[in-house]
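In what follows, a structure is listed as structure tokens, so that the remarks can point back to it.
Chain letters run A, B, ... following the sequence lines, proteins first, then strands; residues in each count from 1.
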There are 2 protein chains.
Amino acid sequence: MNVNQQLSRPKETPSAASAPDLGMDVAGAVFRLARRLRAERIDDQLGDTQYAVLFFLTREGPHSLKELSIRERVTPPSMNQTVNALETAGYVERRDDPDDRRKVLIAATETGISMAKQTRRLRHAWINARLKELTPAQRESVQQAALVLQELADS
Amino acid sequence: MNVNQQLSRPKETPSAASAPDLGMDVAGAVFRLARRLRAERIDDQLGDTQYAVLFFLTREGPHSLKELSIRERVTPPSMNQTVNALETAGYVERRDDPDDRRKVLIAATETGISMAKQTRRLRHAWINARLKELTPAQRESVQQAALVLQELADS
DNA sequence: TATTGTTATACTCTATAACTATA
DNA sequence: TATAGTTATAGAGTATAACAATA
């Protein structure tokens, strides 16, 4: 489907300019942009959480299910399902933790690593194209804010 | 459930500092923060899309179903379900469009307007508290970026 | 014919509750 | 007892396909 039609809209009150409620502006922008990013998603292979987990494992090495669930802020059963989907697809594998036999280490496979790379390229094509259209000053503020927002999310 | 536990995590490569892939940093921050905001949600009365639609109608007046679906970037059937839920709860009402009898105007009720106000206050309590902890410089960059991200989402 | 709204249906992601195995 | 993982199940939100009413 094509959900990217134009809708002439009344001037959005740019309230951040006077910051009566910065939180609302940030939350609004974040939710709106998250939905837009999902709508612009080209590849339908991986869900957002699946991609986030696979990318994390690729960069940071094997982790337990509990650790993944805490990092992505979902419950262990939710993460279990995400991991199951990735495992079925052959992108991750479960290994027994040698130190604690209750634990299971989840690790990206070679297939998973290359899949993460390919998805990463496709997934960010739209946003990177949009960012290129910004002025250098705008890009600069987005760049700095990205770091702050990351910290905020993890705080 | 409490999903907000601490997980000591290896230093995240703050790649935005050198900006090899700004899009990835932005998308990552946005998805992560969106999930965090959802996890921190206190009130369970309204879903995110429901709240977004109700707030929009409150601020911008009655709109057709199609317009709402375009604005929120979901399909008409999805928006129909969202509107149904809001209507059942008594927060919006459907009115016939006098000019085009195919259309239906969706408008916030008085109950809906006060609900939007209350939800808005609760919904942004966490993010506003976090933002208060930032340095003025950080808040400034977030403030400017919020506007840019809004434009990005709507572009 | 094209557009708007709707119904029916299915899929994905998330949650809670309850269970097993291990510490 | 407490913790890690899992299974079963339900709810919310989204999508596609197909249809009715109107332009």
Within the pair A/T75 and C/dA15, is there a side-chain N or O less than 4.0 Å away from OP1 or OP2? yes
Can you check whether A/S78 has a side-chain N or O nearer than 4.0 Å to OP1 or OP2 of C/dC13? no
Atom CD1 of B/I106 and atom C1' of C/dT4 are separated, to the nearest Å, by 11 Å
Whole angstrom is fine here: how far is it from CZ in A/R35 over to C1' in D/dA15? 15 Å
Separation of D/dT7 P from A/M79 CE (nearest whole Å): 16 Å
Can you tell me how far P of C/dT6 sits from CG of B/N84, to the nearest Å? 7 Å
Nearest-angstrom distance from the residue atom CG of B/D96 to P of D/dA21: 14 Å
Phosphate OP1/OP2 of C/dT6: any B/N80 side-chain N/O under 4.0 Å: yes
Establish, with yes or no, whether the OP1 or OP2 oxygen of D/dA4 is under 4.0 angstrom from a side-chain nitrogen or oxygen of A/K66. yes
In whole Å, what is the span from the CG atom of A/D100 to the C1' atom of D/dA2? 12 Å
If you compare every side-chain N and O of B/R101 against the phosphate oxygens of D/dT22 (OP1, OP2), does one of them come in below 4.0 Å? yes
D/dA4, OP1 or OP2 - any side-chain N/O from A/R94 closer than 4.0 Å? no
Rounded to the nearest Å, what distance is computed from the CD atom of residue A/E72 to the P atom of nucleotide C/dA15? 12 Å
Measure the distance from CG on B/L46 to P on D/dG13 and round it to the nearest whole Å. 9 Å
How long is the straight-line distance from OG1 of B/T49 back to CD of B/Q81, given to the nearest 0.5 Å? 10.5 Å
Within the 3.5 Å criterion, strictly below it, is a donor on B/N128 or B/R123 matched to an acceptor on the partner's side chain? no
Identify which one of B/Q138, B/Q143, B/Q144 satisfies the side chain to side chain donor-acceptor pair (under 3.5 Å) criterion when paired with B/E140. B/Q144
Within the pair A/Q81 and D/dA8, is there a side-chain N or O less than 4.0 Å away from OP1 or OP2? no
Report yes if a side-chain nitrogen or oxygen of B/T82 is closer than 4.0 Å to either non-bridging phosphate oxygen (OP1 or OP2) of D/dG13; otherwise report no. no
From the list B/R36, B/R32, B/R35, salt bridge (charged side-chain N to carboxylate O under 4.0 Å, His left out) with A/D154 holds only for B/R32
